[in-house]
Chemist: 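I have a structure I would like to understand better, so I am pasting it below and will then ask my questions one at a time.
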Amino acid sequence: VPSVRGAHDPVVYYGCDFERTFEALLAHAGYDALREDVRARQARGELVGLGVATFVELSDQGTFEQARVVPEADGTFTAHVGIAGVGQGVETVLAQVAADRLGVDIERVRISHRDTDLIPEGQGAFASRATVWGGRAIAGAIADLGARACAAAAERAGVAPGEVVFAGGVVRGVGGEEVVPLAELGVAGSFRYEAEPGPLETVAGANLAVAALDAETGAVTLERYAIAVDVGRVVNPLTLRGQLRGAAAMGIGGALLEEFSYGEDGQPTATSFMDYMLPTAAEIPDIDVLLLEFAETVPGDPLAGVKGGGEGGIIAAAATVANAVADALGEAGAGLTSLPIGPATVQRLARGAVAP
Amino acid sequence: VKPPPFDYEAPAGVDEAVALLAEHGEEAKLLAGGQSLIPLLNFRLAHPALLVDVNRIAELDYVRTRDGSLHVGALTRQAALERAPEAAAGWPLLVDALRFVAHPQIRNRGTVGGSLAHADAAAELPVVACALDARLHLRSARGARTVGSHEFFVSHFTTALADDEMLVEIELPPLPAGTGTAFVEYSRRHGDFALGGAAAVVTLAGGECRAARIALLGAAPTPVRAHAAEAALRGGPLDARTAADAAALAVADIEPAGDAHGDTRYRRELIEATVRRALVAAGARARESHEQ
């Protein structure tokens with residue numbers, strides 16, 4: 001696997017299979033037939049193009065994340081974690097991790113991430129890390145809770161620590177019976193997950209787009225958009241697909257619409273959302289998401305190979321759209337050198353692409 | 001931002017409203033659907049001393065036909081006109097164009113008269129009014145008068161309305177048999193103000209174009225009628241070639257202002273394309289009307 005020198009010196013692309021990820025996208029999207037169809041339409045004079053782009057993302061950034069898991073008197077568990085919820089659904093995903101590790105229904109888990117009185121430190125939600133780092137911290141805190149609960153219960157019951165286990169949210173004896181109610185033990189689990197020196201986990205992905213241009217209006221219509229991303233292991237396909245689609249919408253907006261424009265006198269001309277054009281649902285095509293789980297489990301990874309996914313929709317979006325537009329423009333596509341690709345640019349370049 | 005302070009009156013009838021305008025003149029501003037005025041107030045780009053809220057003037061909310069013409073009360077919501085069977089039956093250009101006016105939520109509130117009186121150069125209804133040769137009925141305490149669409153629109157946000165006048169009705173004359181209409185525009189996002197567009201009204205008889213009206217959106221501070229292109233079409237066939245020639249003629253003399261979304265050349269070519277497409281579509285509909 002190649003490595004480059006950079007902020008993480010050197011970066012080792014650990015656990016990525018670029019070729020397999022790219023091939024999976026092409027197979028999923030039916031690339032060969034799509035390519036043939038686009039070529040045939042181009043031969044008929046249509047300004048239509050097919051673009052692909054691949055990406056790699058460091059999803060493992062940060063130095064620590066911590067969690068505290070508290071058994072409550074009503075049988076629920078509260079997981080305090082320093083990760084921030086920013087609308088990406090991290091409460092749901094981390095509750096899944098906690099429920100899975102505790103062996104209880106998700107309804108019995110509450111995620112608490114807002115109050116620094118309850119959890120003083122956290123690095124936050126960025127770099128596609130919230131699920132991975134928050135999850136590792138919670139998994140560690142639940143392991144700690146289990147160890148403390150077993151020790152306290154064994155002492156209370158007067159048995160050897162090896163004769164009790166923590167399973168299904170309950171401290172059980174060798175016969176599976178509850179030894180002491182958990183809430184009576186007064187224990188909580190804490191864990192501070194810190195990055196080990198070593199390779200960062202990386203995420204591989206690829207995007208594909210088919211764009212149709214209107215030479216006269218300069219409009220770009222995305223007829224097809226597909227994303228494949230290898231996230232190692234999917235915790236929640238619904239929220240992950242949602243995040244990927246939202247990210248792709250932002251990427252497509254950046255590729256085609258959003259611009260901080262200035263007049264010749266230096267005055268900003270995009271000073272409201274009338275002129276700074278965020279895409280709306282009407283501008284975004286159906287985004288076909290292929291979730292891949294290729295990555296090997298990292299030794300000792302408490303989440304067994306879960307990698308970041310949040311940014312997988314945006315990283316390659318601009319390149320993918322630009323490649324599709326350039327393909328549609330043929331040789332004139334070489335003139336496509338900046339983003340966003342506005343209608344005036346398309347109209348100007350299309351003049352060279354269309355026979356008069 | 002909150003609007004600057006203003007006084008507020010909500011008259012129940014036209015007489016009362018024009019009396020307030022007579023008293024306060026340019027200090028007063030009519031509030032109808034508020035889809036343009038309220039943002040202008042909140043951005044503090046407008047600071048009238050008095051808002052005259054006309055939303056309670058029920059007598060101005062109607063769509064009806066009389067003597068073959070369509071009469072639309074100024075307070076009619078854009079969505080109501082979009083769904084009015086009278087409009088669809090006789091003036092489908094209205095329905096086609098209204099679908100481009102912002103979004104349904106805005107059309108539910110925005111009024112036909114408000115859009116015309118606001119006279120945004122990129123708005124659809126003024127262009128349609130010009131293409132359909134609308135007559136605009138105005139009232140003031142001094143009396144009533146009627147102006148044609150060609151003299152109503154003066155410049156950016158400027159109409160023939162005097163400070164003490166209000167627009168009360170839009171009247172559209174009937175379209176002759178064999179007429180087809182079409183509206184074409186392009187905006188970067190669904191519901192945005194268009195970067196350019198055109199409305200076409202063509203009457204065909206025996207394979208010949210008897211009459212054509214073309215109005216351009218985004219070509220100038222007001223809607224522009226392409227008289228030379230209209231004249232060129234009259235008496236000849238309407239096909240892809242003549243439509244293209246007419247479109248080229250329609251934009252020969254326009255100098256649309258450029259901005260961050262496109263320069264003058266971009267907009268001229270865009271408008272040319274919308275004219276050609278509108279003419280072709282209007283011609284196809286005119287032929288369909290013959291077959292029925």
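So that the names make sense, note that chain A is the first sequence line, chain B the second, and so on, each numbered from 1.
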Chemist: Of the backbone (N, CA, C, O) and the side chain (C-beta and beyond), which part of B/Leu195 lies under 4.5 Å from a heavy atom of chain A, both, or neither?
Modeler: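 For B/Leu195, side-chain heavy atoms alone lie under 4.5 Å from chain A.
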Chemist: If you count heavy-atom pairs within less than 4.5 Å of chain B, which of A/Gly342, A/Ala219, A/Pro279 leads?
Modeler: A/Ala219
Chemist: Highest number of heavy-atom pairs under 4.5 Å with chain B: which of A/Met274, A/Glu283, A/Met277?
Modeler: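 If we count pairs closer than 4.5 Å to chain B, A/Met277 comes out on top.
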Chemist: Is the shortest distance from a Lys or Arg side-chain nitrogen in B/Arg277 or A/Asp214 to a carboxylate oxygen in the other one below 4.0 Å?
Modeler: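 Yes, charged N to carboxylate O under 4.0 Å.
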Chemist: Can you tell me how far CZ of B/Arg189 sits from CG of A/Leu278, rounded to the nearest 0.5 angstrom?
Modeler: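 The CZ atom of B/Arg189 is 7.0 Å from CG of A/Leu278, to the nearest 0.5 Å.
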Chemist: Heavy-atom distance under 4.5 Å to chain A: side chain of B/Arg276, backbone, both or neither?
Modeler: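 Contact with chain A: side chain only.
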Chemist: Restricting to non-hydrogen atoms, name the atom on B/Ala260 and the atom on A/Ser261 that form the minimum distance, rounded to 0.1 Å.
Modeler: CB-OG, 3.5 Å
Chemist: Hey, is NE2 on B/His103 packed in by over 12 heavy atoms from elsewhere, all under 6.0 Å?
Modeler: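 Yes, the 6.0 Å shell around NE2 holds more than 12 heavy atoms from other groups.
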Chemist: Can you tell me how far the CZ atom of A/Arg348 sits from the CD atom of B/Glu269, to the nearest 0.5 Å?
Modeler: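 Between atom CZ of A/Arg348 and atom CD of B/Glu269 there are 11.5 Å.
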Chemist: Within a 6.0 Å radius of atom CG on A/Asp37, are there more than 12 heavy atoms belonging to other residues, nucleotides or ligands?
Modeler: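 Yes - once you tally the heavy atoms of other residues, nucleotides and ligands closer than 6.0 Å, there are more than 12.
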Chemist: Please flag which part of A/Thr269 lies under 4.5 Å from any non-hydrogen atom of chain B: side chain, backbone, both or neither.
Modeler: side chain
Chemist: Rounded to the nearest 0.5 Å, what separates atom CD in A/Glu216 from atom CD in B/Glu272?
Modeler: 7.5 Å
Chemist: Working to the nearest 0.5 Å, report the span between CD of B/Glu185 and OG1 of A/Thr217.
Modeler: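 B/Glu185 CD to A/Thr217 OG1: 11.5 Å, rounded to 0.5 Å.
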Chemist: With a 6.0 Å cut-off (strictly less than), is the heavy-atom count around CD of A/Glu36, excluding the residue itself, greater than 12?
Modeler: no
Chemist: Working note: A/Asp275 + B/His261, criterion side-chain contact (heavy atoms from CB on, under 4.5 Å); need CA distance, chi angles, decisive distance, verdict.
Modeler: CA-CA 9 Å; A/Asp275 296 305; B/His261 304 299; 4.1 Å; yes
Chemist: Quick check on A/Phe126: does its CZ atom have over 12 non-hydrogen neighbours (other residues, nucleotides or ligands) under 6.0 Å away?
Modeler: yes
Chemist: Counting neighbours of CZ on B/Phe43 that are heavy atoms of other residues, nucleotides or ligands and sit closer than 6.0 Å, is the number greater than 12?
Modeler: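 Incorrect, the count does not exceed 12.
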